Amino acid sequence: MGIDPWGQRLDDHTPIAEVRAQAGAVKYRCAGGKEVDLPPFDSGEAAVEGLDFRAWKAAQDAEYGDGERGEITGPTLRVAGRVVLMRTAGKLVFASLRDQTGDLQLMIGKQQVGDDWDLVDKIDLGDLIACDGTLVRTNTGELTIAATGLTFLTKSLEVPPEKHHGLTDPEARQRMRYVDLAYNDGVMPRFLARSLIVRSIRESLAERRFVEVEGPTLHAIAGGAAARPFTTHHNALDIDLFLRIALELHLKRLMVGGIERVYEMGRVYRNEGISPRHNPEFTMIELYQAYGDYNSMMDLTEALIIDAIDRLREAGYAPSGDKPYVLPWGDDTIDFTPPFKRRTYDDLFQEYAGCDPNDEAAVAAKAKSMGFAVVDEAGAPRHADVIKSEVFEETVEDALVGPIFVTDYPASLCPLTKRKTGAPHIAERFELFIKGMELANAYTELNDPDLQEELFKSQLAGLDESESMAKMDDDFVRALRHGMPPAGGLGIGIDRLVMLLTNSQTIRDVILFPLLRPER
RNA sequence: GAGCCUGUAGCUCAGUCGGUAGAGCAACGGACUUUUAAUCCGUUGGUCGUGGGUUCGAGUCCCACCGGGCUCACCA
């Protein structure tokens, strides 16, 4: 090479990494003085085609068939992307160009590109270039653009990761998600699938006349769930505030206000541990439908998931075939074929725990045998339903392959839920479990202000005063006193849904920038 | 917060019993106009996470610390 491609290379023995590391060493210009002058890519017909490599290649294959090697009569094309692989064979170079949609091979011949051949020497892996050319099919039958011209767009000053393995360190992948997205297989499609799932849910709800709203994320009272909130402070008002832990209470206020079908999809923050299924900030959707109940919420939950799978399949992100709702999950699969199973809490308890859920003594004995405490530290007996739920979580939840709706929970565990008519100890609630993971949670909403107040108070009875003050939401009770329609309410963990639909075993694979300790 | 594992070149990884720090990819020089992780010849590149200790000698053994992973705990 010998030539200094960027006007700054020191000598033939200086590694490119060092050249690249020198701040200001590389300007946005090419040696040879060729200016970057690209028309906007979305303004021309060919350019639009070039923007979706994957769809474009499929279309060309369909149009031109699986041809032999040779020229194809077709349009002149211009594509742009990142050079991720290069195979040089003397005066002929094959390069893999990658854009958001996939990879496309370029064939660059010295004779064919003329003066632009100077550029080829100067392209490093990771650089962004544009290529003008015509369609050819190579010896191996791969649809390829035979370059007639090259345009340098952007220099990559950092060296790309190893080309076989990519970046494997999970921390580095999350910290440098841009590198992960750019070079690691499967990452881009997964996040594009996430975007599609979110869009699908919004569209499905719009079809059903749901109204999307944005509630406050700064709460004076962090309610709607039992979780530790993050705290922050507003200087001008000199008050402590909490980042929201749930969307519920403000959405219900809007129902009182008359928005009959309301939802919010947004971030909530819980100051708790990190695990493959938990990130301190995560995305959930909560929706409320006036005059619905938990049964209509079950139907809706199923529909939202099925719609999303349909959308993924249309876009090529989910398998098609005779079992379109069977999705891969690690070495296994998940069968989303509707309808999902529906079983009551007591029914499952009987089956998996092997004792009568309504026989308190038997449940207590079972709990004791499993090592759970049946009396609290003061020696007083613990609430029967709490003991029962511990046994349930231990014996039933992990065994639930699903998708399965678990219905009719003990009422004492559900302070925001309406009681079953004629069975006040049962709450009209379901949770959707898939692969042992709690994906959705829904109620027939409690709209009795007096009962709500009472339940708040009894729920807070075990907490100390400061916590109690933080949780008692008098305004919410006041809102209910103005009359909230009977309604079904539903919450779905979006991150977990994306995990299940994209075969991702950890939540950190579906969150672009999961919480990490600051570097250094 | 607890237990187990882990940190070596830009990236992916070896490194035996404590005895001169290695390979592949990338990068640099050379050959090659149908390659597919191209191939072939040559070259450059190291604070072995940090600090201490043992030793004639430490990537290797010991201690502490700092990261990371897995499992558990926390988590409607």
Side-chain angles (χ1 to χ4, degrees), chain A residues 1-5 9-21 68-70 84-96 103 105-113 117 120-121 124-126 136-142 144 146-147 156-176 179 183-185 223-228 245-246 248 270-280 282 385-386 389 392-393 397 409-410 412-417 427 429-431 438 440-443 459 491 493 505-506 508 516-520:
Chain A
M1 190 163 297
I3 311 167
D4 171 354
R9 181 152 300 174
L10 306 177
D11 55 67
D12 287 352
H13 299 289
T14 305
I16 188 66
E18 281 178 37
V19 175
R20 287 166 158 177
E68 303 284 303
R69 166 183 173 175
V84 292
L85 280 179
M86 275 212 283
R87 297 174 288 280
T88 64
K91 299 176 186 64
L92 184 69
V93 172
F94 291 90
S96 298
D103 290 0
Q105 182 169 260
L106 307 180
M107 185 171 75
I108 305 162
K110 181 177 184 182
Q111 207 163 23
Q112 288 79 4
V113 296
W117 183 252
V120 174
D121 269 351
D124 289 303
L125 294 187
V136 296
R137 219 173 261 288
T138 62
N139 277 355
T140 54
E142 179 165 347
T144 298
S156 169
L157 297 175
E158 296 285 343
V159 181
E162 211 269 352
K163 70 183 176 188
H164 312 161
H165 308 91
L167 202 56
T168 59
D169 175 21
E171 190 210 352
R173 292 180 57 189
Q174 292 158 24
R175 209 179 280 290
M176 297 192 286
V179 175
Y183 296 104
N184 277 20
D185 286 344
R228 274 159 53 202
I245 57 173
E248 177 150 2
R270 297 185 179 180
N271 204 340
E272 283 155 7
I274 295 172
S275 85
R277 286 162 166 64
H278 298 84
N279 191 58
F282 62 101
D385 286 342
V386 173
S389 83
F392 184 90
E393 283 170 22
E397 285 192 5
Y409 279 66
S412 56
L413 302 176
C414 316
L416 296 161
T417 312
R429 171 193 185 183
F430 75 74
E431 290 193 290
E438 178 197 332
N441 184 16
Y443 313 135
Q459 185 192 25
Q505 317 296 309
T506 128
R508 297 163 91 74
L516 295 169
R517 219 176 277 274
E519 227 167 337
R520 262 166 246 294

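Order of the sequence lines fixes the chain letters, A, B, ..., with proteins taken first and strands second; residue numbering starts at 1 for each chain. A quick note: this is a predicted structure, and the numbers were derived from the prediction, not measured. Side chains included, hydrogens not; waters and symmetry mates left out as well; all remaining heavy atoms used.
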Tell me the closest heavy-atom pair linking [X] and [Y], and the distance in Å.
{"X": "Lys110(A)", "Y": "Trp117(A)", "result": "CA-CE3, 3.3 Å"}
{"X": "Ala147(A)", "Y": "Gln112(A)", "result": "O-CB, 3.7 Å"}
{"X": "Arg508(A)", "Y": "Asn279(A)", "result": "NH1-OD1, 4.0 Å"}
{"X": "Ala146(A)", "Y": "Val136(A)", "result": "CB-CG1, 3.7 Å"}

Whole Å only: how far is the [atom1] atom of [X] from the [atom2] atom of [N]?
{"X": "Lys91(A)", "N": "A31(B)", "atom1": "NZ", "atom2": "P", "result": "8 Å"}
{"X": "Arg175(A)", "N": "C11(B)", "atom1": "CZ", "atom2": "C1'", "result": "17 Å"}
{"X": "Gln174(A)", "N": "G67(B)", "atom1": "CD", "atom2": "P", "result": "16 Å"}
{"X": "Asn441(A)", "N": "A76(B)", "atom1": "CG", "atom2": "P", "result": "11 Å"}
{"X": "Glu397(A)", "N": "A76(B)", "atom1": "CD", "atom2": "P", "result": "11 Å"}
{"X": "Ile274(A)", "N": "G68(B)", "atom1": "CD1", "atom2": "C1'", "result": "13 Å"}
{"X": "Ile245(A)", "N": "C75(B)", "atom1": "CD1", "atom2": "P", "result": "13 Å"}
{"X": "Asp124(A)", "N": "A26(B)", "atom1": "CG", "atom2": "P", "result": "12 Å"}

Any-strand Watson-Crick or G-U partner of [N], both distances under 3.5 Å:
{"N": "G24(B)", "value": "C11(B)"}
{"N": "C70(B)", "value": "G3(B)"}
{"N": "A64(B)", "value": "U50(B)"}

Picking from [options], which would you name as closest to the side chain of [X]?
{"X": "Ala89(A)", "options": "C74(B), C25(B), C32(B)", "result": "C32(B)"}
{"X": "His165(A)", "options": "C75(B), U33(B), U12(B)", "result": "U12(B)"}
{"X": "Leu85(A)", "options": "A38(B), U35(B), C75(B)", "result": "A38(B)"}
{"X": "Leu167(A)", "options": "C11(B), G68(B), A76(B)", "result": "C11(B)"}
{"X": "Glu162(A)", "options": "U39(B), U35(B), G24(B)", "result": "G24(B)"}
{"X": "Gln111(A)", "options": "A76(B), U33(B), C75(B)", "result": "U33(B)"}
{"X": "Val159(A)", "options": "U33(B), A27(B), G10(B)", "result": "G10(B)"}
{"X": "Arg228(A)", "options": "C75(B), A76(B), C74(B)", "result": "C74(B)"}
{"X": "Lys110(A)", "options": "G69(B), U33(B), G10(B)", "result": "U33(B)"}
{"X": "Arg508(A)", "options": "G69(B), A76(B), U71(B)", "result": "G69(B)"}

How is [X] classified with respect to the nucleic acid when contacts are heavy atoms under 4.0 Å: base, sugar-phosphate, or nothing?
{"X": "Gln112(A)", "answer": "base"}
{"X": "Tyr183(A)", "answer": "nothing"}
{"X": "Thr88(A)", "answer": "base"}

For atom [atom1], what is the distance between [N] and [M], given to the nearest Å?
{"N": "C4(B)", "M": "C62(B)", "atom1": "P", "result": "14 Å"}
{"N": "G10(B)", "M": "G45(B)", "atom1": "C1'", "result": "10 Å"}
{"N": "U60(B)", "M": "G18(B)", "atom1": "C1'", "result": "6 Å"}
{"N": "C66(B)", "M": "G30(B)", "atom1": "C1'", "result": "45 Å"}
{"N": "U20(B)", "M": "C48(B)", "atom1": "C1'", "result": "15 Å"}
{"N": "U50(B)", "M": "C11(B)", "atom1": "P", "result": "15 Å"}
{"N": "G68(B)", "M": "C74(B)", "atom1": "P", "result": "23 Å"}
{"N": "G1(B)", "M": "A21(B)", "atom1": "P", "result": "38 Å"}

Could you go step by step and tell me if Thr144(A) and Arg137(A) meet the side-chain contact (heavy atoms from CB on, under 4.5 Å) rule?
CA-CA 6 Å; Thr144(A) 298; Arg137(A) 219 173 261 288; over 6 Å; no

If each of His278(A) and Thr506(A) is mapped to the nucleotide of RNA chain B with the nearest heavy atom, which maps nearer the 5' terminus, i.e. the 5' end?
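Nearer the 5' end of the strand: Thr506(A).
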
Nearest-nucleotide comparison on RNA chain B, the residue closer to the 5′ end among Gly166(A) and Gly273(A):
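Nearest nucleotide further toward 5': that of Gly166(A).
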
Does a side-chain N or O from [X] land closer than 4.0 Å to OP1 or OP2 of [N], or not?
{"X": "Arg87(A)", "N": "U35(B)", "answer": "no"}
{"X": "Thr168(A)", "N": "U12(B)", "answer": "yes"}
{"X": "Lys163(A)", "N": "A38(B)", "answer": "yes"}

Determine whether any donor atom in the side chain of Gln105(A) lies under 3.5 Å from an acceptor atom in the base of U35(B), or the reverse, and answer yes or no.
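Such a pair is found, so the answer is yes.
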
Report yes if a donor N or O on one partner sits less than 3.5 Å from an acceptor N or O on the other, where the partners are the side chain of Glu171(A) and the base of G67(B); otherwise report no.
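No such pair is found, so the answer is no.
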
Hey, is the main chain of Ser156(A) close enough, under 3.5 Å, to the side chain of Asp124(A) for a donor-acceptor pair?
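Pair absent, no side-chain N/O of Asp124(A) close to backbone of Ser156(A).
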
NZ/NE/NH1/NH2 to OD/OE distance under 4.0 Å, Glu431(A) and Arg429(A)
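Between Arg429(A) and Glu431(A) there is a salt bridge, with a charged N closer than 4.0 Å to a carboxylate O.
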
Ignoring hydrogens and angles, state whether a donor on the side chain of Gln505(A) or Arg277(A) is under 3.5 Å from an acceptor on the partner side chain.
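There is no such pair (donor and acceptor under 3.5 Å, judged by atom type) between the side chains of Gln505(A) and Arg277(A).
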
